[in-house]
Amino acid sequence: MTTDVAVPPALPPGPPGGGARPRSRFSVPGGTALGVGSAVLYLSLIVLIPLAVVAWRSVDQGPGYFWRAVTTPDAWAALTLTVGASILVALINLVMGTIIAWVLVRDRFPGKAVVDTLIDLPFALPTIVAGLVLLSLYGPESPLGLNLAYSRAGVVLALLFVTLPFVVRTVQPVLLELDKEMEQAAASLGASPFQTFRRIILPNLVPAMLSGTALAFTRSIAEFGSTVLISGNLPFKTQVAAVNIFSQIEGDNTTGAAAISTVLLVVALVALVSLDLLQRWGSRRG
Amino acid sequence: MAIEVRDVNKSFGTTPVLRDVSIDVESGSLTALLGPSGGGKSTLLRVIAGLEQPDTGTVRISGVDATRLAPQRRNVGFVFQHYAAFKHLTVFRNVAFGLEIRKRPKDEIRKRVMELLELVHLEQMADRYPSQLSGGQRQRMALARALAVEPEVLLLDEPFGALDAQVRKELRTWLRRLHDEVHVTTVFVTHDQEEAIEVADTIVVLADGEVEQVGSPAEVYDNPANPFVMRFLGPVTEIGGSLVRPHDIEISTEPVEGGTAATVSRVVRLGFEVRVELQVEGRDAWVQVTRGFADQLALKSGDVVSVRPTPGARSLVLATV
Ligand SMILES: Nc1ncnc2c1ncn2[C@@H]1O[C@H](COP(=O)(O)OP(=O)(O)O)[C@@H](O)[C@H]1O
């Protein structure tokens with residue numbers, strides 16, 4: 001494994017009034033090599049090698065088998081349901097998560113600290129417990145009179161519940177750190193509150209909003225525990241991909257399970273990479 | 001008058017920060033709000049800009065009552081100590097911001113922004129982002145951004161406060177020259193009396209939320225209204241129950257009329273200047289003399305001398321508090 005140590009470029013002499021800052025921070029070369037080395041090793045053991053094994057297993061009976069495994073009617077239905085529901089969930093999170101973060105940072109109301117703590121609950125709760133809670137709230141015996149059990153709406157609800165914290169928790173710190181004086185400067189330059197929001201605040205939040213959304217999406221396509229109870233696992237209707245994988249394994253079809261897993265993996269990677277590209281493009285164009 | 005502030009009071013919680021503040025700022029002037037930290041200078045500036053609401057009192061800008069006007073409608077340019085750069089926009093777009101909001105034609109914006117960037121010597125930096133600029137450059141960008149909308153008054157809140165000493169000195173001189181070119185009524189906040197004296201044509205001394213004195217730099221330095229202002233604007237020492245500038249004291253080896261006897265405790269040579277430390281009537285005092293003069297008197301510690309304020313000293317001699 002090679003570790004390149006970046007040599008800081010020589011700085012051109014600055015103009016009067018203080019030159020431009022160096023673009024990159026100087027780092028201790030030895031420390032960097034060691035740091036990069038252990039990070040790569042760790043990532044390889046924990047993430048890369050297991051993922052590679054999954055991908056490898058999925059094609060060990062040839063690409064034709066892979067394709068058939070993925071396109072069996074129940075697998076395909078589970079995949080499209082999962083990706084579709086996850087897109088919907090990600091978009092709802094994008095909007096609602098940003099609004100919640102905004103309210104938590106900018107508004108004052110009694111019980112704010114409690115609400116702030118509650119946001120993390122979906123992370124803290126074992127997902128199967130979350131599923132149980134949702135089933136008792138929105139199941140056949142719903143005290144609210146709202147029965148979403150065994151429906152796709154129930155799946156979406158469960159996914160919304162477990163992915164709630166992502167956008168809130170990525171946007172919140174950025175909003176907290178946002179320089180209030182930027183907004184005041186915009187106001188004194190004549191910008192209305194709405195113009196200030198659109199031209200100053202929003203562009204500064206977009207990177208955090210997008211990465212929170214990407215996390216919510218990727219978490220959502222892999223979700224198992226919270227959906228398993230409320231969805232009822234009806235193939236072709238409410239069975240999500242992770243549950244489908246599980247039943248394939250139970251049916252001793254590990255190659256098929258690996259194939260579906262690989263598809264989920266690729267979808268997640270495509271989502272992360274394209275959001276990253278979008279952000280780079282956005283920051284370049286300003 | 002470009003700005004008239006009348007009887008402004010402002011408290012944060014129960015702490016009064018401005019008390020019955022009234023000031024006039026003449027059109028085209030360059031005024032410094034000078035005073036110790038926490039004295040309410042920034043708050044006063046923000047009240048003028050509409051970024052804070054006064055509890056009582058009025059603010060008029062160019063004769064129009066602006067007390068209840070939103071900051072957007074005051075036509076005031078504001079420059080913040082920490083630049084408040086729009087991080088996601090290039091230097092060009094930062095400066096263009098106010099004009100874009102006003103929906104000026106594209107060509108006009110481009111022309112005006114390039115003119116301003118030239119004025120602040122950033123024409124090479126138009127396509128950079130604020131994070132790629134030094135502190136001094138960011139502050140010049142912020143200044144260009146504020147000037148772009150042709151404000152009636154330009155307000156600068158400790159504009160050089162976050163910069164290192166060298167850049168600060170350069171920018172100070174540059175601000176003075178810029179003002180001579182642009183002539184926009186300018187008010188800046190500083191706690192540095194040297195900066196106020198060097199740059200401003202009028203100084204407003206503000207302490208503890210109250211205006212202590214208003215005048216030209218020479219007036220406030222030479223005729224301070226009270227001991228506080230005298231102490232704040234330059235070095236002082238006490239002789240014969242009076243507060244005197246150390247360079248306005250005569251020292252002689254012979255007793256002189258109206259003189260007070262003093263014992264030399266130390267002679268410190270600081271290059272051209274010599275600082276003679278004295279015991280006068282049991283209290284410490286000091287006198288600043290030139291090196292030639294000190295050599296002539298051949299002062300050394302233990303000498304008994306006679307000191308008195310220079311007759312007709314330009315410093316106002318005050319009873320000590
Ligand atoms: N938004 C605010 N909330 C509460 N206190 C404030 C606020 N702004 C300023 N103060 C207080 O008001 C006093 C005057 O502050 P300021 O106007 O910044 O003084 P200066 O500019 O002279 O240093 C300080 O004691 C400061 O802590």
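Below, chain A is the first sequence line, B the second, and so on; all start at residue 1.
By the 6.0 Å contact criterion, CD on B:E108 is enclosed, its count of non-hydrogen atoms from other residues, nucleotides or ligands being greater than 12. The environment of B:K111 atom NZ is sparse: at most 12 non-hydrogen atoms of other residues, nucleotides or ligands sit within 6.0 angstrom.
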Run the numbers on A:Q184 and B:R46 for side-chain contact (heavy atoms from CB on, under 4.5 Å), then give the verdict.
-> CA-CA 10 Å; A:Q184 296 174 352; B:R46 295 168 60 82; 3.1 Å; yes
Taking it one step at a time, do A:I200 and B:H88 satisfy side-chain contact (heavy atoms from CB on, under 4.5 Å)?
-> CA-CA 8 Å; A:I200 304 297; B:H88 59 296; 4.0 Å; yes
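For chain B, the nearby parts of A:P193 are the backbone and the side chain; heavy atoms of each come within less than 4.5 Å. With a 4.5 angstrom heavy-atom cutoff, B:F78 touches chain A via backbone and side-chain atoms both. Only the side chain of A:Q195 comes within contact range of chain B, with at least one heavy atom under 4.5 Å from a heavy atom of that chain. The part of B:A85 that comes within reach of chain A is its backbone (N, CA, C, O), which places non-hydrogen atoms under 4.5 angstrom from that chain. Looking at B:V149, only its side chain comes within 4.5 Å of chain A, counting heavy atoms on both sides. Heavy atoms closer than 4.5 Å to chain A are found in the backbone of B:A146, but not in its side chain.
Not a single donor-acceptor pair under 3.5 Å links the side chain of A:R199 to the backbone N or O of B:I101.
For the pair A:N204 and B:F86, the minimum side-chain heavy-atom distance is 4.5 Å or more. The side-chain heavy atoms of B:Q72 and A:L189, taken from C-beta on, include no pair separated by under 4.5 Å.
When B:R73, B:R145, B:H82, B:Q166 are compared by the number of non-hydrogen pairs under 4.5 Å with chain A, B:R145 comes out ahead.
Here the straight-line distance linking atom CG of B:L51 with atom NZ of A:K180 works out to 12.5 Å at 0.5 Å rounding.
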